[in-house]
Amino acid sequence: QVQLVESGGGLVQAGGSLRLSCAASGRTFTGYAMGWFRQAPGKEREFVAAISRSGSPTDYADSVKGRFTISRDNAKSAVYLGMTSLKPEDTAVYYCAAKFVINNYVTRQTYDYWGQGTQVTVQS
């Protein structure tokens, strides 16, 4: 089992920045690719960003490319999502997810463990 706890969400004005954190515990963190997903009210959960076990490569949804940055600190068993130039359409609950992988790759699908989510609200 892997436990994931997100933090760092909040209310921000359009054009502002936030940094989300996800603390992992329970299993060897370096065995997992990590991802961020989000779910806006009335919409399905969507992929935001992913990072491999080592930290490279990374992958981003087109809607956030150039504005968001995913990173990880394996020594701290943590993954982060830096968000800049935030837009009202970025408003959602953001979820951290972990996927056990053997090789060093990124994926947008079939994550094994999920956090409870953190709310991000961007005001226009």
Side-chain angles (χ1 to χ4, degrees):
Q1 288 283 348
V2 174
Q3 292 78 43
L4 303 172
V5 179
E6 303 95 337
S7 61
L11 176 65
V12 64
Q13 296 293 316
S17 301
L18 280 176
R19 188 192 193 210
L20 305 184
S21 299
C22 174
S25 62
R27 289 291 182 96
T28 304
F29 184 65
T30 52
Y32 292 83
M34 301 296 296
W36 286 97
F37 294 76
R38 67 187 182 186
Q39 187 168 18
K43 295 187 177 181
E44 293 188 353
R45 186 166 58 193
E46 64 175 359
F47 168 78
V48 175
I51 190 166
S52 70
R53 291 168 44 176
S54 69
S56 179
T58 57
D59 184 25
Y60 295 92
D62 288 344
S63 59
V64 306
K65 201 171 293 183
R67 300 189 298 121
F68 290 12
T69 302
I70 188 170
S71 60
R72 65 189 293 163
D73 186 336
N74 286 340
K76 295 183 178 179
S77 296
V79 63
Y80 308 99
L81 186 67
M83 304 186 293
T84 63
S85 302
L86 283 162
K87 305 174 182 179
E89 51 264 44
D90 294 318
T91 295
V93 177
Y94 283 72
Y95 297 90
C96 172
K99 177 179 175 62
F100 179 75
V101 294
I102 295 177
N103 298 317
N104 188 53
Y105 69 93
V106 291
T107 178
R108 298 187 178 194
Q109 300 174 347
T110 61
Y111 278 74
D112 303 310
Y113 302 101
W114 296 82
Q116 293 299 306
T118 185
Q119 176 71 47
V120 172
T121 303
V122 184
Q123 278 189 335
S124 57

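Numbers for residues simply follow the sequence, beginning at 1. Quantities reported herein were computed from a predicted structural model and do not represent experimental measurements.
- Annotation: side chain of Y60 is in contact with side chain of I70 (closest heavy-atom distance under 4.5 Å).
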Sequence neighbours excluded and cut-off under 3.5 Å, please list the side-chain donor-acceptor pairs for residues 7-22, or say none.
unit_1, atom_1, unit_2, atom_2, d
Q13, NE2, Q123, OE1, 3.0

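- Side-chain contact between F100 and V2: absent, with no pair of heavy atoms (C-beta onward) separated by less than 4.5 Å.
- Checking side-chain atoms of R45 against main-chain N and O of V93 turns up no donor-acceptor pair under 3.5 Å.
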_Working for ring pair (Phe, Tyr, Trp, His ring centres under 6.0 Å), residues W114 and F37_ = CA-CA 10 Å; W114 296 82; F37 294 76; 4.9 Å; yes
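- A 4.5 Å side-chain heavy-atom check between D59 and F47 finds at least one atom pair inside the cut-off.
- Two residues are said to be in side-chain contact when any heavy atoms from C-beta on lie closer than 4.5 Å; T91 and V120 fail this criterion.
- Side-chain atoms of K99 and T110 include a donor-acceptor pair closer than 3.5 Å.
- By the 4.5 Å heavy-atom criterion applied to side chains, D73 and Y80 are counted as neighbours.
- Side-chain contact, N74 with T30: no donor N or O sits under 3.5 Å from an acceptor N or O.
- Cation-pi check for R53 over F29 is not met; the charged atom does not lie both under 6.0 angstrom from the ring centroid and within 45 degrees of its normal.
- Nearest heavy atom pair, residue Y105 against residue A33, reads O-CB, 3.8 Å.
- Of all the heavy atoms in Q3 and Q1, the pair that sits closest is NE2-CB, 3.5 Å.
- The shortest non-hydrogen separation linking V48 to Y94 is CG2-CE2, 4.3 Å.
- Atom CD of Q119 is surrounded by more than 12 heavy atoms from other residues, nucleotides or ligands within 6.0 Å.
- Residues satisfying the side-chain hydrogen bond (donor to acceptor under 3.5 Å, both in side chains) criterion with D90, sequence neighbours excluded, are R38, R67.
- Counting all heavy atoms, side chain and backbone alike, M34 lies closest to A98 at SD-CB, 3.5 Å.
- Considering every non-hydrogen atom in both Y95 and Q116, the closest pair reads CE2-O, 3.4 Å.
- In this structure the side chain of V79 reaches within 4.5 angstrom of the side chain of C96, judged on heavy atoms.
- The neighbour count for K65 NZ, taken as heavy atoms of other residues, nucleotides or ligands under 6.0 Å away, is above 12.
- Ring planes of Y113 and Y32: perpendicular class, angle over 60° (limits at 30 and 60°).
- Proximity of N104 to P57: side-chain heavy atoms (C-beta onward) are separated by under 4.5 Å at one or more points.
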